[in-house]
Amino acid sequence: MLTSIALIILMGLSLAYIFNKLKLPRLVGMILTGIILGPYMLNVLDPTILSISSELRQIALVIILTRAGLALDIKDLKKVGRPAILMCFIPALFEILGFIILGPKLLDLSILDSAILGTVIAAVSPAIIVPRMINLIDEGYGTKKSIPQLILAGASVDDIFVIVLFTSLTSLATSESSFSPSVLLQIPISIILGILIGVITGLILIKLFKTIHTRDSNKLLIILSISFLFLTLENSLKGYIKVSGLLAVMSLGATIYKSYNDLSIRLSSKYSKLWAGAEIFLFVLVGATVNIKYALNLGLISVIIIILSLLFRVTGVYLSLVKTNLTNKEKLFTSFSYLPKATVQAAIGALPLSMGLASGETILTVAVVSILITAPLGALLIDNTYRKLLK
């Protein structure tokens, strides 16, 4: 296993560096590393590390969501108002609708499996969007109309909304019970309970940290451990009541940001360093799960359905921005910023396959293709148009 870990890190960093020099997202190089080292090409990775890849990807997702929560200012949503709220779920819903319409026709999936595929693909990538929007704020582009803040806040909640839908739909797909209105009711219950658990735990931890002084590294370990327990709680209560463990994770971070801002700034810096290692394993291991032959057979169809679904997503963005003071150029830039996919797709793309869903391999393949297409496309469009489209 040690050899596999060394290969993942060294080759992952090398290809990430090359792609970065080519002005392309580093994560594409990491995914290619996994494809090359994985069982469908060179097959040099230890089976043991592949057997726990799902857990490792989940750890990476917890890290990036906690980091997002520690930087999520609810005031930004209030400041921008209605458009920010709509951007949290309208574009994602439109994209999911696109997959529900196109999935049965192009991929021969059931409506439920098409909806699951839609929830996997619909989340935007904080790994690409967050640093770029922070850069816009620093340079002053679009800040008069709070456009970077709108995209940051909307994209952060967009991820959670999609993950909650994914969890609910996969639970329905793997359960023996038939669909009923009570299944839809589980979604808001899952959201509300997740937020409550995260907020309450966050307030308790803040009081604990202010009473018992310890190093920030220890605080990080405590928060990380509790985040893992949130996921354990979600699995333990699955047969009784739905709770979104991932939403609890992000709510905990947001609570610390709101009530103990100095600590959130310090912890955010430490989580960023932790993410530097976690992202390598996340993207390399998702690349290692891709069946090359299956991906090549599905290649053109997956590209077509991704591009068509993006048109649904862009429509959702424009509808969210109706009756705002944004110009057509600013709306176009906002649409570009909502294109890139990477982090969430890498973290949950392989879960349907590990759950035993018949459509699992199709969902994984489309998820990886969506990263390879939209991550470079979105990053390039943002980097090369913001000076022309924003003031």
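One is the number of the first residue; the rest follow in order along the sequence. Here the structure is a predicted model, which is why all the values come from computation and not from measurement.
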Can you find a pair of side-chain heavy atoms, one from [X] and one from [Y], that are under 4.5 Å apart?
X	Y	value
Ile35	Leu32	yes
Leu377	Phe336	no
Val124	Ile151	no
Ile348	Thr170	no
Ile5	Phe281	yes
Ile147	Leu136	no
Pro39	Leu50	yes

Can you measure from [atom1] ([X]) to [atom2] ([Y]) and round to the nearest 0.5 angstrom?
X	Y	atom1	atom2	value
Leu364	Asn291	CG	CG	9.0 Å
Lys391	Glu330	NZ	CD	6.5 Å
Ile204	Thr255	CD1	OG1	11.0 Å
Lys258	Ile206	NZ	CD1	10.5 Å
Ile256	Phe209	CD1	CZ	6.0 Å
Leu61	Asp159	CG	CG	8.5 Å

If you count every heavy atom of other residues, nucleotides or ligands that lies below 6.0 Å from Ile111 atom CD1, does the total exceed 12? no

Verify the neighbour count for atom CG of Asn328: are there more than 12 heavy atoms of other residues, nucleotides or ligands below 6.0 Å?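 Result for CG/Asn328: open.
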
Tell me if a side-chain donor or acceptor on Ser335 pairs with a main-chain N or O of Lys331 at a distance below 3.5 Å.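 Between the backbone of Lys331 and the side chain of Ser335 there is a qualifying donor-acceptor contact (under 3.5 Å).
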
Given 3.5 Å as the limit, does a donor-acceptor pair link the side chain of Tyr338 with the main chain of Met87, or not?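 Present.
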
Applying side-chain hydrogen bond (donor to acceptor under 3.5 Å, both in side chains), can you list everything that pairs with [X], at least two apart in sequence or on another chain?
X	answer
Gln58	none
Glu55	none
Thr232	none
Ser264	none

By the salt bridge (Lys or Arg N to Asp or Glu O under 4.0 Å) test, which pairs, at least two apart or in different chains, include something from [range]?
range	value
residues 22-43	Arg26-Glu279
residues 204-223	Asp216-Lys219, Asp216-Arg266
residues 84-113	Glu95-Arg313, Glu95-Lys341
residues 122-141	Arg132-Asp383, Glu139-Arg387

Go through the structure and list residues passing side-chain contact (heavy atoms from CB on, under 4.5 Å) with [X], not counting sequence neighbours.
X	value
Phe89	Ile85, Leu86, Leu93, Phe161
Tyr17	Lys21
Thr201	Ile197, Leu205, Ile226, Phe230, Leu252
Ser114	Pro104, Leu109

Quick check: is Ile18 connected to Ile371 through a chain of hydrophobic side chains (ILVMFWY, heavy atoms under 4.5 Å apart)?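 Yes.
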
In this structure, would Leu42 and Phe283 fall into the same cluster of hydrophobic residues linked by side-chain contacts under 4.5 Å?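 The answer is yes; both residues are in one hydrophobic cluster.
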
